[in-house]
Protein chains: 2
Amino acid sequence: MRRKAAVAQGRDAGTVTLEMVAEAAGVSASTVSRILNGTAAVSQLKRQSVDDAIARLGFVPNPVARGLAGGRTLSVGVITQSIDSPFYGTAMRGIEEALDPAGYSPLFVSGHWNAAEESRCIDVLRSRRVDGIIVLTGRLSDQALRSYAKSLPVVVTGRSLKAPGLVALNFDNFEGARLATRHLIELGHRHIAFIAGDPLHPDATQRQRGYQAALEEAGLSYDPQLVAPGLYQEDSGLSAVEALLRTRRRFTAIFAANDQMARGAALGLHRRGLRVPTDISLVGFDDLPASRYALPPLSTVRHPAQDIGRLAAQAMLDLLRGVKPAVQSPAPEIVVRESCAPPAR
Amino acid sequence: MRRKAAVAQGRDAGTVTLEMVAEAAGVSASTVSRILNGTAAVSQLKRQSVDDAIARLGFVPNPVARGLAGGRTLSVGVITQSIDSPFYGTAMRGIEEALDPAGYSPLFVSGHWNAAEESRCIDVLRSRRVDGIIVLTGRLSDQALRSYAKSLPVVVTGRSLKAPGLVALNFDNFEGARLATRHLIELGHRHIAFIAGDPLHPDATQRQRGYQAALEEAGLSYDPQLVAPGLYQEDSGLSAVEALLRTRRRFTAIFAANDQMARGAALGLHRRGLRVPTDISLVGFDDLPASRYALPPLSTVRHPAQDIGRLAAQAMLDLLRGVKPAVQSPAPEIVVRESCAPPAR
DNA sequence: TTGTATGCGTTATCAT
DNA sequence: ATGATAACGCATACAA
């Protein structure tokens with residue numbers, strides 16, 4: 001056991017306990033706890049002396065003990081998919097921002113786009129007694145999510161489903177993709193290629209449907225030869241362009257299902273001596289921070305990761321407070337930069 | 001208090017305690033604990049029945065209680081500067097990778113390049129009973145770090161300092177910058193501009209010294225007019241180029257103190273109709289994942305964030321095991337891509 | 001080798 | 001309104 005000495009010698013290396021505060025203030029531990037949590041009314045007098053003692057000793061409650069004792073830990077678990085993702089990284093930042101002023105702290109774990117791993121993450125988070133869990137997209141089944149929500153508040157992004165104790169925050173990928181495609185059409189493009197995202201992601205298929213819908217409503221034919229498979233990573237964008245070029249099909253614009261692939265596509269085009277937007281127009285999706293500094297700056301669909309993170313965290317806070325969360329998903333909008341132009345030929 | 005019922009009904013929502021295991025196996029709780037931690041020798045027989053009971057009940061130890069009881073929590077705190085940084089994100093991934101097989105999990109908190117905030121982070125991590133702390137660079141004083149290391153193993157990157165219980169993992173920024181500059185010189189450049197990093201970062205000033213050293217050893221004069229201030233962000237790279245161009249000083253190459261500023265610089269050059277590398281050669285520093293897909297792909301100094309994260313985590317693991325960590329910082333090397341060419345004029 | 005008792009810092013229950 | 005006291009789930013001296 002660690003030495004227990006050093007009662008009132010101010011910060012013995014951060015081990016000032018609630019009990020010490022109680023002693024210093026001449027009250028019981030329960031009273032201190034009550035003041036800390038606002039659990040019950042206490043006399044002004046005692047409150048004063050307790051507050052003093054807290055300040056004097058530099059007491060800071062121990063969240064671990066708090067969690068053990070059955071109370072809240074003031075922490076919410078966040079399952080991201082990879083800790084170094086440009087998109088989810090921004091979302092995490094939004095979560096941090098919203099949680100902090102409320103006194104909560106996030107606990108980040110990575111699921112690596114793997115349902116089994118995500119399950120383990122949930123276990124880890126639960127064992128750490130988090131008060132709630134935010135799941136950024138992921139591969140967990142709606143079923144599983146619903147079940148988790150029975151014992152713990154859950155907020156999930158990238159889906160729409162309803163369940164008690166669960167709030168889903170979806171983004172209109174379909175509409176976003178339609179906007180992007182329509183933008184190209186309005187510029188005069190008639191042959192628009194599409195680089196698809198990982199088919200395992202629901203948002204990827206939604207984006208593809210948006211692309212098709214825009215084509216249809218413009219009376220343009222959908223040519224399967226003009227859609228190349230991709231995996232949401234830069235390299236797959238590059239290979240997609242190569243595949244597209246190999247078909248020798250004519251196209252004057254490319255819509256990539258995300259910015260990362262658009263980057264890869266830009267490089268592929270460059271390698272073949274094709275200029276953006278002079279020869280080929282290019283649109284992405286997500287508006288990653290980096291896209292504003294791409295060459296040329298990339299036109300894309302704004303997918304406000306930071307706002308989404310913030311909203312998710314706010315919904316969680318509401319859930320925790322017991323108030324009904326009123327979340328409004330942000331609407332997609334196109335951000336026009338310099339990667340698109342009317343078709344040359 | 002929560003209901004205590006449901007003893008052996010397997011997973012009542014994840015509340016199988018060590019005590020239940022003990023009962024089911026017909027041994028005492030201490031024995032179970034000992035088996036779990038390898039604290040003492042136990043008979044094969046009991047071990048067998050305990051292992052069975054653990055598997056049967058699906059028991060998973062509660063790290064919160066573990067931490068409270070004074071033992072390890074099998075978690076290490078990681079102070080990053082911003083949760084969405086491309087560079088530190090990669091480092092965090094390396095940490096995750098190295099910690100996971102050892103059964104440890106990281107706890108990420110962001111210091112936002114602010115010493116006071118970092119101090120608070122340390123408090124938070126300590127109150128959560130992490131077994132050790134990894135600090136990714138940051139603004140804490142060496143002094144403070146040393147003091148923290150007295151009560152907790154600390155690994156810090158981006159510095160060199162020695163203290164008991166502390167291992168520092170530095171990177172040779174000076175040499176890296178010298179390599180980059182020398183690369184330009186070897187291509188024939190004589191007028192090389194430099195975009196400096198945030199002067200508050202020690203690595204930024206080291207990189208600048210490396211640049212000067214390379215100039216000197218080549219007998220080239222150092223022209224203060226050719227170094228533009230920057231803040232390590234894309235936008236400052238852009239303004240730096242504009243400032244450089246405004247001086248009307250002649251230069252045929254730019255060395256930016258990091259890839260993010262190099263990106264911004266590339267855009268600035270593009271806006272002025274200057275082509276990379278035909279008109280101006282460009283080198284960065286860090287080799288961010290994105291730089292391989294820049295247009296043109298950026299030549300840069302490899303700064304292996306993931307390896308650094310992994311090494312830091314391994315050093316922490318060694319510290320925790322009580323073995324002397326033998327860390328070898330990775331050496332900088334230049335990665336030649338397509339953003340450099342011999343000077344045109 | 002194994003069990004018993006106690007403590008970790010806090011909250012919650014039950015008195016008063 | 002306030003104070004004992006018992007959990008929370010586990011680890012660890014100490015005894016056997």
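Everything numeric here is computed off the predicted structure, so don't read it as measured data. Any value given below was found using the heavy atoms of this structure, including those in side chains, with hydrogens, waters and symmetry copies removed. Residue numbers begin at 1 in each chain, while the letters A, B, ... track the order of the sequences.
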### Query
By side-chain contact (heavy atoms from CB on, under 4.5 Å), which residues pair with L161(B), not counting sequence neighbours?
D142(B), R146(B), V156(B), R159(B), L166(B), A168(B)

### Query
N62(A) side chain N/O closer than 4.0 Å to the phosphate oxygens (OP1, OP2) of dC8(C)?
no

### Query
With a 3.5 Å cut-off and no angle check, do the side chains of N62(B) and S127(A) form a donor-acceptor pair?
no

### Query
Is there a residue in residues 27-36 of chain B whose heavy atoms reach under 4.0 Å of DNA chain C, and which residues are they?
V27(B), S28(B), S30(B), T31(B), R34(B)

Cut-off 3.5 Å, no hydrogens considered: what does the side-chain donor-acceptor table look like for residues 42-50 of chain A, sequence neighbours left out?
unit_1, atom_1, unit_2, atom_2, d
S43(A), OG, K46(A), N, 3.3
S49(A), OG, K46(A), O, 3.1

### Query
Of the candidate nucleotides dT11(C), dG3(D), dG7(C), which contains the atom at the shortest distance from the side chain of K46(A)?
dG3(D)

#### Entry: Distance, rounded to the nearest Å, where E19(A) contributes CD and dC8(C) contributes P
8 Å

### Message
From the set dT10(C), dC8(C), dT2(C), return the single nucleotide nearest to any side-chain atom of P61(A).
### Response
dT10(C)

### Summary
Rounded to whole Å, CG of L57(A) lies from P of dG9(C) at a distance of 14 Å

### Query
R34(A): what forms a salt bridge (Lys or Arg N to Asp or Glu O under 4.0 Å) with it, not counting sequence neighbours?
none

### Summary
Nearest-nucleotide check on DNA chain D, T39(B) vs V64(B); residue mapping nearer the 5' end is V64(B)

Would you be so kind as to tabulate the donor-acceptor pairs closer than 3.5 Å made by side chains of residues 312-330 of chain A, with sequence neighbours excluded?
unit_1, atom_1, unit_2, atom_2, d
D318(A), OD1, R321(A), NH1, 3.0
S329(A), OG, N170(A), O, 2.7

Residues 95-103 of chain A side chain polar contacts: donor-acceptor under 3.5 Å, at least two apart:
unit_1, atom_1, unit_2, atom_2, d
E96(A), OE2, S110(B), OG, 2.2
E97(A), OE1, R310(A), NH1, 2.7
E97(A), OE2, Q306(A), NE2, 2.7

### Task
Five pairs at each end of the helix from dT1(C)-dA16(D) to dT16(C)-dA1(D): take the axis at both ends and give me the angle between them to 10°.
40°

### Below 4.0 Å: OP1/OP2 of dT11(C) and any side-chain N or O of R66(A)
yes

#### Entry: Results of side-chain contact (heavy atoms from CB on, under 4.5 Å) for V109(B) - residues two or more places apart only
I79(B), C121(B), L125(B)

### Task
Report the residues that fulfil side-chain contact (heavy atoms from CB on, under 4.5 Å) with L74(B), sequence neighbours left out, ordered by chain and then residue number.
R66(B), Y104(B)

### Query
From dC10(D), dT10(C), dA1(D), pick the nucleotide closest to the side chain of S43(A)?
dA1(D)

### Task
Indicate whether the side chain of S30(B) and that of S33(B) have a donor and an acceptor atom separated by less than 3.5 Å.
no

### Task
Please report, rounded to the nearest Å, how far the C1' atom of dT10(C) is from the CZ atom of R128(B).
14 Å

